[in-house]
Amino acid sequence: IKMIEIIKGAFDPKPFYENFIDNYEFVRKMQSNSDDDHEVRTWGKPLLYRPHGIEPKENIEEGWKPVWDIIKPQIQALTGHIKEPEVAYINLFQHGDNSQIHRDWADYTAICYMNPDWNFNLGGETMFYRGDECIKCVLPIGGNVVVFNGDIDHRAGFVSSLAQEGRMGLTYMFNKV
């Protein structure tokens, strides 16, 4: 059985959002499909990439661990026991950025919506697909977390030209115990 669950009000996004904006340098390198040279590269910040054997140059555990420590028990209430994340990164979608429909490699993915005052009319939803049909659309409400099986097709929606800031999501990929 495939799972797409929203944990409402899982954490207070404001202090984390402000920390990420004030203290992190974002890079325009993130892609949902690294084999597609036509996909627009979005702004993001890798925080943890264990499966690829790449150790970050800076100590960025302080970026992903505090939110993880808050949401992990809430996720385990849905999934049962899970391992620590193998991947953690921030996506910062701006107007004009796109994400292709893709699947993640881990058992589960959790996307934490970080913008404390995001107006859902500005877009940036996470859309889930079965074949060519959108089966669920999750609004990026600050403090909410969407948890889903990594093998479900999904993508980030477009951000409106009216958005004054990017739609920020802190994403974790992790496996069952």
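As the structure is a computational prediction, the values presented were derived from the model and not from experiment.
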Flag side-chain contact, heavy atom, 4.5 Å: F11 against M114: yes

Min side-chain heavy-atom separation C112-Y172 under 4.5 Å: yes

Full working for ring-ring contact (aromatic ring centres under 6.0 Å, His included) between Y17 and W118: CA-CA 12 Å; Y17 176 80; W118 188 258; 9.3 Å; no

Side-chain heavy-atom pair T79, Y108 within 4.5 angstrom cut-off: yes

Flag, side chain of D153 to backbone of R130, donor-acceptor distance under 3.5 Å: no

For residues 131-143, please give each side-chain donor-acceptor pair under 3.5 Å, one per line with the distance, not counting sequence neighbours.
none

Any I82 side-chain heavy atom under 4.5 Å of I75 side chain: yes

Student check: side-chain heavy atoms of E86 and W105 closer than 4.5 Å: yes

Pairs flagged by salt bridge (charged side-chain N to carboxylate O under 4.0 Å, His left out) wherever residues 2-12 is involved - sequence neighbours left out: K2-D151

Gap separating the CE atom of M127 from the CZ atom of F158, nearest 0.5 angstrom: 7.5 Å

Main-chain N/O of I90 paired with W64 side-chain donor or acceptor, under 3.5 Å: no

E125 bridged to R167 by N-O distance under 4.0 Å: no

Inter-residue atom distance T126.OG1 - F148.CZ, 0.5 Å rounding: 7.0 Å

Validation row: N115, Y113 side chains within 4.5 angstrom (heavy atoms): no

D117 atom CG: more than 12 heavy-atom contacts under 6.0 Å: no

I4, D104, I101 screened by side chain to side chain contact (heavy atoms under 4.5 Å, CB included) with H154, the one that passes: D104

